Novice: 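Please find one structure pasted underneath; my questions will follow.
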Amino acid sequence: MTGPNTIDPAWLPDAALRGIGSRRVTVEGEGPLVDTLRAEVAHAQDKFATSPTDGHVAFRLDAEADTGPEGFTLTRSGGRTTVTAAATAGLLYGYFQVVRLGAAAFTDAPEQTHRPALSRRMLNHWDNIDVHPVMGQVERGYAGGSLFWDDGRPRGDLGRVRAYARLLAACGINAVCVNNVNVHATEARLLTDRIDEVAAIATEFRAYGISVHLSVSFAAPVVLGGLSTADPLDDGVRDWWRTAADRVYAHIPDFGGFVVKADSEGQPGPFAYGRSHADGANLIADALAPHGGTVHWRAFVYNHTQDWRDRSTDRARAAYDHFAPLDGRFRDNAVLQVKHGPMDFQTREPVSPVIGALPRTRVAVELQATQEYTGQQRHVCALAPMWAEVLGFRPEGDDGPTVGGLAGSGGLVAVSNAGADPYWTRHPLAQFNLYAFGRLAWQPDAKPQQLLDEWIELTFDPEETIDPERLRSGLHAVLRDSWATYEKYTAPLGVGFMVQPGHHYGPSVDGYEYSPWGTYHFADRDGIGVDRSRATGTGYAAQYSKPWSQTYETPESCPDELLLFFHHVPYGHVLHSGTTVIQHIYDTHFEGVEEAEAAQRVWASLADLVAPARHARVAELYEEQLNSAREWRDHVNSYFLRKSGIPDAGGRRIH
Ligand code: GCW
């Protein structure tokens with residue numbers, strides 16, 4: 001894999017600091033975040049000291065300012081730009097807003113106040129300390145090893161972690177959970193005798209206003225403490241967790257809290273003791289409460305050893321069935337962390353009905369920036385349009401709140417796509433997913449197109465590019481609709497999976513069809529899809545409130561893109577688009593590959609505008625993407641031609 005000689009600056013190249021670096025800047029206030037701000041300003045001025053510009057930028061603290069703990073007010077007039085905030089975090093976010101605005105930060109404009117819509121904007125790393133024999137070091141990581149650990153030990157030089165913290169703060173992220181939710185034996189000890197390693201990482205993140213969190217094993221009292229039980233109602237167990245939390249806070253006074261995956265895919269949990277997930281979450285919440293910490297308790301609980309012959313069990317139902325009855329039973333410092341869809345980060349899923357179903361519980365929504373099912377950072381797949389759709393969904397219809405609004409109670413979380421690769425995300429264009437996640441967590445109704453423009457302007461210095469407009473339109477052409485393109489050449493109409501088992505890369509239409517994982521499409525010679533209606537299917541559609549329970553109930557009212565998620569239909573079923581299901585499968589698979597080929601050509605045409613190493617890396621990955629997309633097209637089309645016997649109306653070559 002080609003790459004640069006140094007670590008890529010992503011959306012903070014020095015060139016982006018020109019505006020602030022060439023002006024007179026004053027910073028008022030004290031504290032660690034103000035120290036960071038002063039160091040940022042000094043760095044920018046150092047770079048641009050030789051090109052002084054008139055104008056003044058001031059950062060001032062004003063305890064009376066109505067900005068909340070992280071917001072700021074920006075005023076621009078008469079050559080003076082002022083960031084005012086009630087707290088120091090706001091000054092730092094204001095600094096990055098000034099950077100983001102570029103030249104516009106220094107021209108007259110009406111006063112604006114920015115406050116994050118969500119107070120927790122979190123990344124989850126699925127990093128292990130050790131290299132796991134099957135999963136590698138970072139579970140579902142496609143960007144090299146961990147940023148935190150190398151070769152079983154903490155990285156000696158945490159400069160890379162500091163640089164990461166800076167990038168995250170610049171897009172608005174304020175919390176990071178550093179280790180995998182599947183907690184293996186070595187990593188379990190981060191809670192106890194290896195807590196110093198977490199403390200060292202926390203020092204780097206703290207400088208940028210980011211709290212550190214830890215994934216812990218529910219069985220910790222047994223595996224680390226030597227107790228005979230991890231029963232959440234056992235007094236000894238409760239004491240053990242309290243002592244464990246006290247020790248963590250003695251090392252990291254501003255520690256954020258724990259993340260727990262329990263009774264899920266083999267992880268231990270409260271079910272073993274006949275207790276509920278509220279009992280489990282509250283046990284951990286109570287240990288954290290004296291210190292102000294929060295437990296993020298994951299709702300990803302389902303039976304992964306089901307019998308594929310059993311048509312009555314529907315994995316999509318599981319999270320709601322387990323958690324909706326527990327509403328109101330969680331502590332105030334317990335957050336239920338729900339994947340955005342009911343299954344598992346597929347290219348297309350409906351929004352999880354759990355998100356709107358627990359009004360008396362704090363809910364965080366979990367997205368997946370790491371592209372497990374969306375091309376593994378070898379395919380271009382810009383996820384902001386998917387996430388914006390999820391965040392704008394209204395579980396109770398037009399008059400109810402959006403998912404973004406509901407997540408205000410617990411936060412927005414993404415599984416990180418970053419690793420030790422010099423481009424951070426392996427595919428340089430996947431940096432946009434990380435950036436867009438942070439910005440959407442700050443402002444869930446932000447427009448994906450606008451975020452793309454921001455990211456382009458920061459990442460690709462307009463003044464160093466000979467033709468910024470051609471570059472901008474080229475990048476829009478390759479990124480803007482890349483999720484739609486990816487969807488076209490992979491699994492159709494919301495049916496999901498069809499990936500190779502285990503690593504989940506590339507097509508295998510029946511890969512999971514006769515497996516215990518609960519992820520089926522039920523294709524036969526007559527039709528395809530999962531009947532999840534209330535009337536004749538698994539009843540999953542009835543987990544939604546109106547109007548969605550009705551919308552999803554029948555094939556006539558169900559949106560095309562989710563048809564096969566909710567219904568089993570004949571291949572000749574006519575979609576709202578006017579085409580049949582089988583013809584849609586053929587058409588989209590040919591189109592998807594053509595679109596990817598066109599994107600590859602656009603990328604090639606940008607060779608004179610993009611740094612050679614970055615251009616080469618992306619070009620190399622496009623070769624892989626195209627090979628893989630053709631595999632997808634040919635597997636899926638051939639499979640359905642053979643199953644259905646219905647020829648392509650376009651008479652194209654299917655194998
Ligand atoms: O998406 C699935 C992944 C697992 C992951 C799990 C989860 C960390 O295939 O690798 O485990 O979800 O979210 O817990």
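Whatever order the structure lists ligands and atoms in, that order sets their numbers, starting from 1. No experiment lies behind these values; they were computed from the predicted model shown.
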Novice: With heavy-atom distances below 4.0 Å as the criterion, list the atoms of ligand 1 near Phe300.
Specialist: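 In order of numbering, the contacting atoms are 6 (C), 7 (C), 12 (O), 13 (O), 14 (O).
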Novice: Minimum distance, heavy atoms only, to atom 12 (O) of ligand 1: which one of Glu372, His503, Lys339 is it?
Specialist: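 Minimum heavy-atom distance to atom 12 (O) of ligand 1 goes to Lys339.
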Novice: So is there a nitrogen or oxygen of Glu366 less than 3.5 Å from a nitrogen or oxygen in ligand 1?
Specialist: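 The answer is no, given that Glu366 and ligand 1 share no N or O pair closer than 3.5 Å.
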Novice: Heavy-atom contacts under 4.0 Å between Val181 and ligand 1: side chain, backbone, both, or neither?
Specialist: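 The part of Val181 near ligand 1 is the side chain, not the backbone.
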Novice: With a 6.0 Å cut-off on ring centres, are Phe323 and Tyr320 close enough?
Specialist: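 Ring centres of Tyr320 and Phe323 not closer than 6.0 Å.
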Novice: Would you call the rings of Tyr544 and Tyr540 parallel, tilted or perpendicular, where under 30° means parallel and over 60° means perpendicular?
Specialist: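 It falls in the perpendicular class, over 60°.
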Novice: Distance to the ring centre below 6.0 angstrom and angle to the axis at most 45 degrees; does that hold for Arg160 and Trp424?
Specialist: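 Pair Arg160/Trp424 counts as cation-pi.
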Novice: Answer yes or no: does an N/O atom from Gln368 fall short of 3.5 Å to an N/O atom of ligand 1?
Specialist: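 There is no such contact.
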Novice: For ligand 1, which atoms sit closer than 4.0 Å to a heavy atom of His504?
Specialist: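 Reading through ligand 1 atom by atom, the close ones are 9 (O).
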Novice: Any chance you could lay out the ring-ring contact (aromatic ring centres under 6.0 Å, His included) test for Phe393 and His340, step after step, and finish with the verdict?
Specialist: CA-CA 11 Å; Phe393 181 81; His340 68 83; over 10 Å; no
Novice: Which of these, Glu139, Met343, Glu265, Arg140, has its nearest heavy atom closest to atom 6 (C) of ligand 1?
Specialist: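 Comparing heavy atoms across Glu139, Met343, Glu265, Arg140, the nearest one to atom 6 (C) of ligand 1 lies in Glu265.
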Novice: Measure from NZ or CZ of Arg617 to the centre of the six-membered ring of Tyr423 and say whether it is under 6.0 Å with the direction within 45° of the ring axis.
Specialist: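 Not flagged: Arg617 not positioned over aromatic ring of Tyr423.
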Novice: Tell me which protein heavy atom sits closest to atom 8 (C) of ligand 1, plus the residue, atom name and distance to 0.1 Å.
Specialist: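 Result: Asn182 ND2, 3.3 Å.
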Novice: Check ligand 1 against Lys261 and write out every atom of the ligand that is under 4.0 Å from a heavy-atom position of the residue.
Specialist: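 Near Lys261, the atoms of ligand 1 are 6 (C), 7 (C), 8 (C), 11 (O), 14 (O).
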Novice: Taking the six-membered ring for Trp, are Phe497 and Tyr373 ring centroids under 6.0 Å apart?
Specialist: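 For Phe497 and Tyr373, the ring centres are under 6.0 Å apart.
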Novice: Just jot down the ligand 1 atoms closer than 4.0 angstrom to any heavy atom of Asp344, in number order.
Specialist: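 What qualifies from ligand 1 is 1 (O), 2 (C), 12 (O).
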Novice: Is it true that the NZ or CZ of Arg426 lies under 6.0 Å from the centre of Tyr142's six-membered ring and within 45 degrees of the ring axis?
Specialist: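 The answer is no, since Arg426 fails at least one limit relative to Tyr142.
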